[in-house]
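Here's the structure, in structure tokens; my notes come after.
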Amino acid sequence: MEATPENLENPQGSRSWIAARAGADDALVRDLTGPQREAVLCTQGPLLVLAAAGSGKTRVITRRIAHLLATGVKPWQILALTFTNKAAGEMRERIGKLLEETAGGGGAVRGLTVTTFHSLCARLLRKYAEAAGLKPDFTIYDSDDQSKLCKKVIEQLQLSTANFPPRSVLSAVSRAKNELMDAESFAARATDFSSKNIARVYKAYSAALRAANAVDFDDLLLLTARTLERNAQVRGECQARWRYLLVDEYQDTNRAQFLIAAMIAGDGERASGGELPASSLPGVEDEEEGEGTGGTPVPRDGIGKKVGPNICVVGDPDQAIYGWRGADISNILDFERSYPGCRVITLGENFRSTAPILEAADTLIRHNKRRKHKDLFTSRKGGEKPEAILTSNEKAEARVVADWLKARHEAGAAWRDMAIFYRTNSLSRVMEESLRAFNVPYSIARGTAFYDREEVRSALAYLRIVANPADGVSLSRIINVPARGISKATQDVLEAFAERDEMPLMEACRGAGGVAELNARAQAAVAKFVAMVDAWTGGGTFMGSDISGSLADLVDRIIRESGLRAMYVAQANTSKSETDAERVDNLDELVSSARQFEQEYDAAADAANDPLAADGLVETPPLLAMLRAYLESIALVADADSVDPTQGSVTLMTLHAAKGLEFDSVAMIGMEEGLLPHSRAISMPVAGDAELEEERRLCFVGITRAMRRLLMTSAKYRTIRGVPERTIPSRFLGEIPERGLIVSDQSETFAEDYDAPAGGWGVDTGRYSPPRGGGFSAVSPSSGASSGSGSSSGASRGPAGEFPVGSKVRHPQFGLGIVESISGGPSPRAVIKFKDVGSKTMVLEYARLVRVQG
DNA sequence: GTTGCCAAGTTTTTT
DNA sequence: ACTTGGCAAC
């Protein structure tokens, strides 16, 4: 049966629908293919859209939402969940444009909820804080905060942080949370010494989070899922409000996200004691159901017209790359089982890439065994084959890529249409240096970088205790930054006090005057600190003559009155180091970011984005509400959010961040065993090579981002953590047939000598002297197709021999200096006397020294 | 109480 | 290499 709107009940009444059908709607589907059109028009009941890479997925989603609105569905009845904020923003924008073009009036976007799972959950948890066991002013802890708290908890439990490193304990806890396992059920499962203790930490860590009125990333999902599950009223309100649910990148949802979506979607009728869908994949264990997780909605089948809730999920199992984060690919593979009456539409036609690129992607992904095959096809003809280049080392690789990009640019491609992908962030560094040397404008997709800086983190810590005084981790970070006479000893006393009376650290600070263990000076220092914070918050009211009501003003005031700014100004004056001057700038930049947020917030953001604005948070002072929203927006930024295609620069990013994007020309660097596939995925043999297959999908994602040109590079030697290592080209290159790839071995080209062009950067110390032969044989026997002239500037130069005593050198950071002495051994060191900063000992191999003539 | 030096861990991917 | 945290000296 065709589940078109014609034969399904239209809850909004047919009048507006008919009107829309006649006019605007035609424009929405006119230029779509059959399956695309179907995905847009099939609005009622569960729908699974298997959208291959480049199949026009975003277009379909936006049209679908516009179509829903055109048929009379109210914007606030629609909930669209995306993977990143950026994707959400773009989608909202595109829908707005569509509506202006077709329906006339972009105002309809207002009230539409397009957001990420994490943002939605943060909002829901604030609104339903009480039901979730939280207070609405909770702080969202990032991984750094988590580590600090976890470490503290481990110490309190008298466990050694050597046996229980906070980070690995946290990853176990995270895994548990992703499977909706709370501390109790985790403990129930723990059998051995180690996991029993991890269970103890989990429990204490959760308690500590609650005491700090904080949640971590996983809690956002876990607590929301649990609240929806256990609280019929909350669930009912959400179901009543959102009648049309759309989930993008469904292949990367985890168990908690699956449940959240399923519970919000509801089904009109709830089954009790329902079971989660079991995996149909071989090799995947059925998850044992935890206690008390009954009530999962089970859509009913075939009764009446309605076959289930209006939930549309869009995704591509071949692009599932977040398994390590708890994403469960069976969510999408088993969607048909979860929603028996659902409709499945496959979008297989690729509109993005040329045939040779698509073919490379297709042959690669066919190597995955646990896979539902989907035919990828394009009607486009022609196009260049992807290239694979083997270089001598990572510097030569970076140079080759820069050359390639320049050539593309000269051929007419804009910088912004090019991108460089890599498996690990550490690979960006060498690439950056090369791009700088070649004057190629670039930007790195690292949304969190700014907020990760020490000075910014400190400023934010101040803001966080203003918003949430119980936030102990933030308080500890700044209580004595800048130094204000509250020593570690004093802090320990206060900490112990807080612990004993089970109150937040800030409360203990308030009572410091009566603590006998503290001397008068310490008491006074603490009292002064408390008074300072109180002045900022207006004693918690966020009102009064002293409070301007402006967020930017508050941020500015805090970085000044706390002494933070002055501290960095002083540091910048004494050290003259460039990074210290930057720190002051960064603090000022933070004020600007607050100002910008404030303006956008004032404009419309809250009304448009807050899913529950209508009956929102009453009695919250406006400044506090704004501060919360600001901190939340910062906590939930993703790397991919900072990708700005309007910038005229090449974008560098990880393969993970590249998901969902497209570029005319793409270079994938580090195509080596151990990097892609990553060693962690190879070394641990997992049933069915699950991790290896995920790496292959990651490679597939990278390839399918390219529209017209693709370059994949591999370096014969790569310096990893300071040690040059021989590499093996990625097996994935070998999996793409030779005829589909232009392979060239340029590993001899710059093997002996690598020099950046004039004004250039580091020199190669000659530590790479690759063995002759070897070639690119893992990929292709056709080696030696080197281009360019390998300008071997002579003899082999040992690192030590290059810098004789007395020679002048330049260090990128310390400037000019003279080599005073050299020590031999396996890692020769030199004492360099610098003009500006005095003598330093450095390992020649690592110090980026350049010999200077004269 | 504060500052500076040394040791250790670090590098997979991220909301 | 690079940052972070712990400890010892001022």
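So that the names make sense, note that chain A is the first sequence line, chain B the second, and so on, each numbered from 1.
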| said: Could you check whether A/E495 pairs with A/K152 (Lys NZ or Arg NE/NH1/NH2 to Asp/Glu carboxylate O, under 4.0 Å)? | reply: yes
| query | Are A/R696 and A/D318 close enough, and set up right, to give a salt bridge (charged side-chain N to carboxylate O under 4.0 Å, His left out), and what steps lead you there? | reply | CA-CA 9 Å; A/R696 194 177 279 112; A/D318 287 336; over 6 Å; no
[X], nearest nucleotide to its side chain (from [options]):
X	options	answer
A/T116	B/dT2, C/dG6, B/dT15	B/dT15
A/R680	B/dT14, B/dT11, B/dG1	B/dT11
A/A638	C/dC2, B/dT15, B/dT2	B/dT15
A/W324	B/dT11, B/dT13, B/dG1	B/dT13
A/N519	B/dT15, B/dG1, B/dT3	B/dG1
A/S426	B/dT13, B/dT3, B/dT11	B/dT11
A/K148	B/dT12, B/dG1, C/dG5	C/dG5
A/T424	C/dC2, B/dT14, B/dT12	B/dT12
A/R429	C/dC2, B/dG1, B/dT3	C/dC2
A/N425	B/dT13, B/dT12, B/dT15	B/dT13

| Toward the 5' end of DNA chain B, which comes first, A/H118 or A/S487, by nearest nucleotide? | A/S487
| field | Comparing A/T490 and A/A635 on DNA chain B - which has the more 5′ nearest nucleotide | value | A/T490
Given atom [atom1] of [X] and atom [atom2] of [N], what is their separation to the nearest angstrom?
X	N	atom1	atom2	answer
A/Q257	B/dT14	CD	C1'	12 Å
A/M668	B/dT12	CE	P	19 Å
A/L661	B/dT14	CG	C1'	15 Å
A/R167	C/dG5	CZ	P	11 Å
A/D452	B/dT11	CG	P	13 Å
A/I486	B/dG1	CD1	P	10 Å
A/L655	B/dT12	CG	P	15 Å

Is [X] close enough to [N] that one of its side-chain N or O atoms is under 4.0 Å from OP1 or OP2 there?
X	N	value
A/T654	B/dT12	no
A/N85	B/dT15	no
A/R423	B/dT13	no
A/K659	B/dT15	no
A/H656	B/dT13	no
A/N254	B/dT15	no

| field | Geometric cation-pi criterion A/R697 and A/F700, 6.0 Å radius, 45° cone | value | no
| field | Aromatic A/F138 / basic A/R126 pairing, under 6.0 angstrom, 45° off normal | value | yes
| Which residue, A/T224, A/L134, A/L222, forms the side chain to side chain contact (heavy atoms under 4.5 Å, CB included) with A/V215? | A/L134
| With a non-hydrogen cut-off below 4.0 angstrom, is A/D218 in contact with a base, only sugar-phosphate, or nothing? | nothing
| message | Looking at B/dT15 and A/F117: do their rings stack (centroid distance under 5.5 Å, interplanar angle under 30°)? | response | no
| Do A/Y250 and A/F83 have ring centres separated by under 6.0 Å? | no
